[in-house]
A.B. asks: 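I have a structure I would like to understand better, so I am pasting it below and will then ask my questions one at a time.
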2 protein chains.
Amino acid sequence: MGATYGQFCPIAKAMELLDERWTMLIVRELLYHPMHFNELRRGMPRMSPSLLSKRLTQLERAGLVDRHATGNEVEYRLSAAGAELRPVLEGLAAWGVRWMGQAGQRELDPKLMMRQLALFVDPTRMPDRRNAIEFQFTDMPAKLCNWWLVVDPDGADVCDFNPGHEVTLTVRAPLVALVDWWLGNRGWSELTGSGTVELTGPSVVRRGFPHWFELPAFATVPRADVPLTVG
Amino acid sequence: MGATYGQFCPIAKAMELLDERWTMLIVRELLYHPMHFNELRRGMPRMSPSLLSKRLTQLERAGLVDRHATGNEVEYRLSAAGAELRPVLEGLAAWGVRWMGQAGQRELDPKLMMRQLALFVDPTRMPDRRNAIEFQFTDMPAKLCNWWLVVDPDGADVCDFNPGHEVTLTVRAPLVALVDWWLGNRGWSELTGSGTVELTGPSVVRRGFPHWFELPAFATVPRADVPLTVG
DNA sequence: CAGTATCCCTTATGATACTG
DNA sequence: CAGTATCATAAGGGATACTG
């Protein structure tokens, strides 16, 4: 735990636990589903492994996170206390999406975007048992342009190389547009209608794409008329 | 603003602003009502004035706080964006009171307790136009034992010396019991019934006391069966 | 009332490499 | 996969005194 505030106020007590850097993001990840160490790292690529390890120890000691070892694998889950932070995190997400404006250029990380798609894709809504979707991000440097999302009934994987499967659909767009769609800043039909997003594939598949994903709940939160300007 | 996370996730964006030490407590204070610099200091006695000044500047730049100068007085208010953090703070308070267990001995600050009483007392519910309530905290060192809450229609003041007004009611109790009542950990009738809290004054006044205050909303949140153990 | 000015010092954190 | 080990720097923050 971090430093104390010396106040009996429950907000102060809660923040003693939660206001350390990265802590809320770890909770966010584990609200998606239980995860292994390296899966958590993928969700927070800018966090060093030693710091992640330290935070997980702190959160386990505090009782927010349970560590389940099976063999030499370790799975991290939220405890009951941790899981009850969900409404707080949802409130924060709604506030953030409403007031924190457009995603800044600097936050655009294609790997994180692809990871969200993989986390929230629903295989049962897709046309085939095994689907490969190719993404071409037109606003990224060459090395970060091409990605593939491979989905089968057991889950989804992300590759930055052609996995060799037949491609069900190709999505060509600036990453910034895809992120804006994901966050709910812009609608899908607006993006395809204007040509910002180009889809290549059978028309049934093209029309189906935006419905394959469980969009985050905050996507429908109304935006502030005058969002905060990013520092 | 603190360091960035480099993620477009709205929780990450929100926490870049909000996860710095003391920030949420400042928002909490300003959710009570607009305040001057020194009034904020009273709500966060362990924060140095330079740090408070720095945080206020950050929050103003971020657009969460508005600074209103009149003459040489400065009032801090929440902006619309700041005010919309209320549900988040309420969620945090509910979570904190539910999971963070009893107030630790170290968090017991009589001055902060008296300040809460002054902030949330409702003069219209009290018997006289001017009321003085004396508090005797039996578990505090001599210097911190005796306090007076003086309430008139314009507001309430706290003294650590006898203000000279006629005393309407005397409350004699361990501070820890009063805090527990305030947080909703223990009921008032339980505390008076067991003799933990002793009231001296006319019976009408004694019975009225617990209703003079607007108890915090989180006081009614059910507690966890097994709260987290404080680090 | 509303802050500044210093000063010191711990600690937090990022980066990187390595292990079983 | 699941972490440790090491290191150096920067920043954060507490305490205190002082100003207009």
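Throughout, protein chains are lettered first and strands after them, A, B, ... in sequence-line order, and every chain is numbered starting at 1. In this text the structure is predicted, and so the values were computed from the model without any measurement.
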A.B. asks: Nearest to the side chain of A:Arg67, heavy atoms from C-beta on, is which of D:dG3, C:dC1, C:dG3?
C.D. replies: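 Selected nucleotide (nearest to the side chain): D:dG3.
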A.B. asks: Taking only the side-chain nitrogens and oxygens of A:Lys54, find out if one of them lies under 4.0 Å from OP1 or OP2 of C:dA12.
C.D. replies: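 Yes, within the criterion.
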A.B. asks: Looking at the side chain of A:Ser50, which of D:dG13, D:dA2, C:dA15 is the nearest nucleotide?
C.D. replies: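 In terms of side-chain proximity for A:Ser50, the closest of D:dG13, D:dA2, C:dA15 is C:dA15.
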A.B. asks: Testing the 3.5 Å rule here: is there a donor-acceptor pair between the side chains of B:Tyr5 and A:Arg46?
C.D. replies: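 The answer is no; no qualifying pair exists.
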A.B. asks: Assess, by modelled atom type and distance only, whether the side chains of A:Glu84 and B:Trp99 contain a donor and an acceptor separated by less than 3.5 Å.
C.D. replies: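 Judged by distance alone, the side chains do pair up.
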A.B. asks: Go ahead and name the base partner of C:dG20; Watson-Crick or wobble counts if both distances stay under 3.5 Å, otherwise write none.
C.D. replies: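 Looking at the geometry, C:dG20 pairs with D:dC1.
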A.B. asks: Please assess A:Arg55 against A:Gln58 for the test side-chain hydrogen bond (donor to acceptor under 3.5 Å, both in side chains), listing each intermediate value before the final yes or no.
C.D. replies: CA-CA 5 Å; A:Arg55 281 286 180 283; A:Gln58 292 175 306; 3.0 Å; yes
A.B. asks: Quick one: A:Leu25 CG to C:dT13 C1', roughly how many Å, whole number?
C.D. replies: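 Those two atoms, CG and C1', are 15 Å apart.
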A.B. asks: Distance under 6.0 Å and angle within 45° of the ring axis: does B:Arg115 meet both against B:Phe120?
C.D. replies: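 Not flagged: B:Arg115 not positioned over aromatic ring of B:Phe120.
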A.B. asks: What is the distance from CZ of B:Arg46 to C1' of D:dG14, rounded to the nearest Å?
C.D. replies: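 Going from B:Arg46 (CZ) to D:dG14 (C1'), I get 11 Å.
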A.B. asks: Taking only N and O in the side chain of A:Tyr76, is any of them less than 4.0 Å away from OP1 or OP2 of D:dC1?
C.D. replies: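 No, outside the criterion.
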A.B. asks: In terms of side-chain heavy atoms of B:Ser48, which of C:dA2, D:dA15, C:dG3 is nearest?
C.D. replies: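 Taking heavy atoms from C-beta onward, the closest nucleotide is D:dA15.
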A.B. asks: Among D:dA2, D:dA15, C:dG3, which is the nearest nucleotide to the side chain of A:Val74?
C.D. replies: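 For the A:Val74 side chain, the nearest candidate turns out to be D:dA2.
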A.B. asks: Whole angstroms only, please: what is the CD1-P distance between B:Ile26 and D:dG13?
C.D. replies: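 From B:Ile26 CD1 to D:dG13 P: 11 Å.
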A.B. asks: Go through it in stages, so that I can follow the logic: the residues are A:Arg125 and A:Glu214, the test is salt bridge (Lys or Arg N to Asp or Glu O under 4.0 Å), and I'd like the CA-CA distance, side-chain angles, deciding distance and then a yes or no.
C.D. replies: CA-CA 10 Å; A:Arg125 304 184 194 172; A:Glu214 192 68 51; 2.7 Å; yes
A.B. asks: For D:dC1, does OP1 or OP2 lie under 4.0 Å from any side-chain N or O of A:Arg42?
C.D. replies: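 Yes, within the criterion.
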A.B. asks: Specify the separation, in whole Å, of atom CG of B:Leu52 and atom P of D:dA15.
C.D. replies: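 So the two atoms are 15 Å apart, to the nearest Å.
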A.B. asks: Assuming nearest nucleotide by heavy-atom distance, tell me which of B:Asn38 and B:Ser53 is located more 5' along DNA chain C.
C.D. replies: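 Looking at DNA chain C, the more 5' nearest nucleotide goes with B:Asn38.
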A.B. asks: Would you kindly give the CG-to-C1' distance between B:Leu51 and D:dT16, to the nearest whole Å?
C.D. replies: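 These atoms are roughly 14 Å apart.
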A.B. asks: If I take atom CZ in residue A:Arg21 and atom P in nucleotide C:dT13, what distance separates them, rounded to the nearest angstrom?
C.D. replies: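 Interatomic distance, CZ of A:Arg21 to P of C:dT13: 7 Å.
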A.B. asks: Can you measure A:Glu75 atom CD to D:dA2 atom P for me and round it to whole angstrom units?
C.D. replies: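 Atom CD in A:Glu75 sits about 9 Å away from atom P in D:dA2.
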A.B. asks: In whole angstrom, give the distance that lies between atom CH2 of A:Trp22 and atom P of C:dT13.
C.D. replies: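 Nearest whole value for this atom pair: 10 Å.
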